[in-house]
Structure formats: structure tokens, C-alpha cells
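To start, the structure under review is shown below, and the notes come after it.
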Protein chains: 2
Amino acid sequence: MHQVLEQHIRAKLGTDTAGLEEVISYFQPLELKRNDYLLREGELCRSCYFIVNGVIQVFTIDAVGNETTRDFILEEHWLMEINSFLQQIPSKEFFRAAEPSQVLHISREHFMDLSARFPQFEKMYRQILELSYANSVYRINSFVSMDALERLRWMMDHQPKLFTRLSSKMIASYLGISPETYTRLKGKL
Amino acid sequence: MHQVLEQHIRAKLGTDTAGLEEVISYFQPLELKRNDYLLREGELCRSCYFIVNGVIQVFTIDAVGNETTRDFILEEHWLMEINSFLQQIPSKEFFRAAEPSQVLHISREHFMDLSARFPQFEKMYRQILELSYANSVYRINSFVSMDALERLRWMMDHQPKLFTRLSSKMIASYLGISPETYTRLKGKL
DNA sequence: GATGGCTCTTGATAAATGTCAAGATTTTAC
DNA sequence: GTAAAATCTTGACATTTATCAAGAGCCATC
């Protein structure tokens, strides 16, 4: 697993990777079965996660029990509940494996320490933030203005891989529609 | 104007503000009348903006001419079209003053230069990203799951100031609903 | 201070989406 | 391998929201 992370970081940062071995040594592996949780609502997000293999569903549950998916995090991407991680307040989100997954995680303490000691690590963190923020902006602009069919088409254009790996129920919860509506929209494509 | 920025940065960064004067010297003032644009779709976002006074509406226009507002940026907050700014690709968003506004802006070149030379400036940039990302996560989780009335209540709980400063039309475009629906929802509160 | 253009509201109607229920299909657990 | 559980689909109906149209109120400009 650590090799995948090393490759990923080298690809992001280029040649200046002094201290890379030490950085990587703080990441610990986790093996998740399908439906295992990385984080539940109300818990503190104590780690930053790097997905080596699999998919993690990031979702919330509202007052009547409906699940809404904010994002699916695929392999070679990063994951944290940023408010909980930074401020150590209870998480509002759940992180759950949608497939058997391999994950590396680094504790908040080590993460902060590395950020302070290695400018390149902080730079990588900044890049992760930039990418995450840009994706969020994209999603807001799409979803606030589009109707359900347009959102489905948007997802097919921008995230086609997700359809091959996730259940219809999960895709519906990402689109913000009921499973029945999703079934009907598929007929209109 | 520069005093406001200086105060803001000191509040963010604490005592370690070496180079602050030089940093601030790169920011140039802009006076905007209502409905003046800072950025239009298709242009390159060449600056990072700090709002000293006023409100900037961040919005997109879809194929049939409907405006959808992603965010309203109030005084003492930061603003950029992150994809356009970082990659120098055409902006998908418009930035327009919803009130007469005072803005400071720094060019991308100076911004990058300061980021490289002053770790504290980079730290502040990271904090802006963290906050912007956290707000976006909040908005996605709220809007994908809620119906229009719930979104209105959410806005009243989380952004009450906006109601006193913006037209109904703008609030409707932030909620992702038509002005008529907004009028009707107000009656249901 | 008149005029023209916005915005806001209200009504009627249409379209989109949700909910509930039932059956078919697939997956999971033992 | 089989039973139980979950998912997916389809239909009927209810609710939400959009669209179109018209009139009232407000505001900017000359």
C-alpha cells in the first residue's frame, strides 16, 4: 500500500521529496470490508485518509433517515471531514466503504507535525484542498441549477466510472433523488 | 482600505507578521458601483479579491439565461474563481457587486510570489481554502437533501444577514428556486 | 415629478418529483 | 444451496415546484 502513496506523492510534488520516507512511515494501513465505517456522525475525525483501493461513500443522514451522498472517494484520492478534523468537533458525515477497500491513514497529530516540519507536505495538503474545493464549487454550480435528469447527465459526463461500481440506490442518493425517480430517469436517457 | 486588510491578516495570523507591510502593498483598491462586474464568464480570473465593504454575488448563467448564485461574499472575506485563477482557464462564474463595494485585489503573479516567499502568506491562503471548502461542504450537504422550504429555513439560520441586504430575486437564485416560489414560501414561514 | 423598467405578488396550470405499495430480481448469510 | 433480506422496477397518486400571465408597487433617470 505504501508504494501507491509514495508514487502518488512523487507525482504531485515532483523531485523535491526530501523526508518522503519519514512522511510515509506515519501512514497506517486499514482493510475495510464492504459497509465498514471509517467515520460516523458524532465521532471526531482523528485522521486524514488516503484511499489505495476501493470507494468510500461520504454521506449524511437526515431527521427521517434519508441518506444523502456528498461524494464518492475513489482510489488515489484523499478524504477527511474537514470541520471535524480541523476543529475537533463532532462529524456531521459518515464515511463508509462501498466496496472492500484499502486505506492508509495518518493521525491528526502526525499530520499537523509533518505540515509544520515539511513545507512540501504542507504544499501537498494545499493542493488537496484546492482540488477538493474546486470539485465542490463544480458540484454546487451543477446541482443548484439543474433538474434531476440534467444532474444525471452531468454525472455521466463527469463521473462515468461511478456507474459501474455503485448500486442504483447510492447513485440516487448522490443525485439527490429517490431510487424510484432514478429508475424512471434511466428510461429517458 | 488597506487598514482593514491589515487588521484582518493580523487577526488570522497572530504575532508572526514579518513582511506584512510588503504583502499589503501589492493589494490595489477598486471601487464598485452596484451591478459592476469583477469577473465575467469566459474571462480569466487574474486576481484574488478581498472584500472590504459591500457584497459580491458569485453566480452562473445557464443555457436559457437563468442565474444561479453559488455564494454571496461579504466584507472581510476572500474571493476567487479557483479553477480559473489556478489553471488560467476561462471562468465559469460571474462576480458582480450587489451593493456599492470596496475591494482590494492582488494579481496572480504577486500572489504566487508572496506564497513562495512568505510562509505566513501561504498559511493564510491555506486557511482561506480550508474555510471556503468547509463552507462548500456545508452547502452541498444542505442543498442536496433539503426541499425549498428547508433550504430557506437553513439560510435564515445560517446566513440571516443576507436577507437584509439582498433582493428577493437574488435570494431565490441562491436557494435554487424561482422568484414566484420564493414569494410563496415566505407565506409558509 | 413623470415615465419606463424592474421587482414582487398572485392565480391558473403544467411538469417534475416524492411517497406508498406490490411484485420481480439480486444479493447476502447461514 | 437455500432462505431471508435488500434492491430494483412499475403503477397510482400526492406534493412540490416551474411556467406563464397579469397587475401592483418601487425606483432610477431624465
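Every chain is numbered from 1, with letters handed out A, B, ... down the list of sequences.
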For DNA chain C, what residues of residues 58-70 of chain B have any heavy atom nearer than 4.0 Å?
none

On DNA chain C, nearest-nucleotide positions of K186(B) versus L149(A): which is more 5'?
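That would be K186(B).
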
Give, ordered by number, those residues of residues 154-178 of chain B having at least one heavy-atom distance below 4.0 Å to an atom of DNA chain D; if nothing qualifies, reply none.
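Of all residues in residues 154-178 of chain B, the ones placing a heavy atom under 4.0 Å from DNA chain D are G176(B), I177(B), S178(B).
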
If only atom types and distance count, is the side chain of S101(B) paired as donor or acceptor with the main-chain N or O of E99(B) below 3.5 Å?
yes

Polar side-chain atom of H77(B) near backbone of E75(B) as donor-acceptor pair, under 3.5 Å
yes

Helical bend (five base pairs per end, nearest 10°) for the helix from dG1(C)-dC30(D) to dC30(C)-dG1(D)
70°

Heavy-atom distance under 4.5 Å between the side chains of [X] and [Y], does that happen here?
X      : Y       : answer
S91(B) : E81(B)  : yes
L13(B) : K123(B) : yes
V58(B) : F94(B)  : no

Within 45° cone of Y174(B) ring axis and under 6.0 Å: R139(B) NZ or CZ
yes

Side chain to side chain contact (heavy atoms under 4.5 Å, CB included) with P29(A): which residues, sequence neighbours excluded?
M1(A), H2(A), L104(A)

Residues passing the side chain to side chain contact (heavy atoms under 4.5 Å, CB included) test with S142(A), sequence neighbours excluded, are M146(A), W154(A)

Check the distance between [N]'s [atom2] and [X]'s [atom1] and give it to me in whole angstrom.
X       : N       : atom1 : atom2 : answer
D147(B) : dG18(C) : CG    : C1'   : 11 Å
Y182(B) : dT7(C)  : OH    : C1'   : 13 Å
E180(A) : dA21(C) : CD    : P     : 12 Å

Can you name the atoms? Protein N/O to nucleotides 26-30 of chain C N/O, anything below 3.5 Å, with the distance.
residue	atom	partner	partner atom	Å
dT28(C)	OP1	R34(A)	NE	3.4
dT28(C)	OP1	R34(A)	NH2	2.4

Name all pairs fulfilling the ring-ring contact (aromatic ring centres under 6.0 Å, His included) condition that reach into residues 112-135 of chain B, sequence neighbours left out, sorted by first residue then second.
F111(B)-F121(B), F111(B)-Y125(B)

Between H105(A) and F27(A), does the ring centroid distance fall short of 6.0 Å?
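No - the distance between ring centres of H105(A) and F27(A) does not fall below the 6.0 Å cut-off.
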
What residues, two or more places apart in sequence or in another chain, satisfy salt bridge (charged side-chain N to carboxylate O under 4.0 Å, His left out) together with D113(A)?
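Counting only residues at least two positions away or on another chain, D113(A) forms a salt bridge (charged side-chain N to carboxylate O under 4.0 Å, His left out) with R117(A).
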
How would you list, by chain and number, every residue that makes a salt bridge (charged side-chain N to carboxylate O under 4.0 Å, His left out) with R151(B), sequence neighbours excluded?
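Partners of R151(B) by the salt bridge (charged side-chain N to carboxylate O under 4.0 Å, His left out) criterion come out as none, since no residue qualifies.
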
The test is side chain to side chain donor-acceptor pair (under 3.5 Å); show your working for S136(B) and S136(A) and say whether it passes.
CA-CA 6 Å; S136(B) 301; S136(A) 301; 5.0 Å; no

From the 5' end of DNA chain D to its 3' end, which nucleotides mark the outer limits of contact with chain A, defined by a 4.0 Å heavy-atom distance cut-off (strictly under)?
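Going 5' to 3' along DNA chain D, contacts run dT7(D) to dA12(D).
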
Run the ring-ring contact (aromatic ring centres under 6.0 Å, His included) test against F163(A) and tell me which residues pass, sequence neighbours left out.
none

Other than L131(B), what residues sit in its cluster of Ile, Leu, Val, Met, Phe, Trp and Tyr side chains whose heavy atoms are under 4.5 Å apart, directly or through others?
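When side chains under 4.5 Å apart are linked, L131(B) ends up in no cluster with other residues.
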
